[in-house]
Amino acid sequence: MLRLGATVVIMEQFDPRVPRAHRAPGVTHAQFVPTMFVRLLKLSENERTRYDLSSLRYVVHAAPRARSP
C-alpha cells in the first residue's frame, strides 16, 4: 500500500485497549496476526465500541507459516 501512495501507520507495540485508528482518521485497512484478534475479542463490549472505526473497510489476517518439524 505504501508503494501505491497510501498512508501507513505502524505500531511499535500492540495494545488492544488503545486503537491507533483514532489517531489516524480515515484508516480503511488493517492487518493483524491471530494473537491480536484474540486480544481484541477479549475486550468488553464497552471497550470495543469506544472508538469510531467507521472508516475501516478491510481487516487482513496474516500469520507466519508454521514450520515443519
R50 meets the side chain to side chain contact (heavy atoms under 4.5 Å, CB included) criterion, sequence neighbours left out, with none

Report task. Check whether any side-chain N or O of R57 sits under 3.5 Å from a backbone N or O of T28 as a donor-acceptor pair, and report yes or no. Result -> no

Checklist entry - Side-chain contact, heavy-atom cut-off 4.5 Å: V59 with F37? => result yes

Scanning both residues in full, the closest heavy-atom pair of M36 with Q31 reads SD-O, 4.4 Å

For T49, the side-chain hydrogen bond (donor to acceptor under 3.5 Å, both in side chains) test, sequence neighbours excluded, returns none

### Message
Could you tell me if the side chain of V38 sits less than 4.5 Å from the side chain of F32, heavy atoms only?
### Response
no

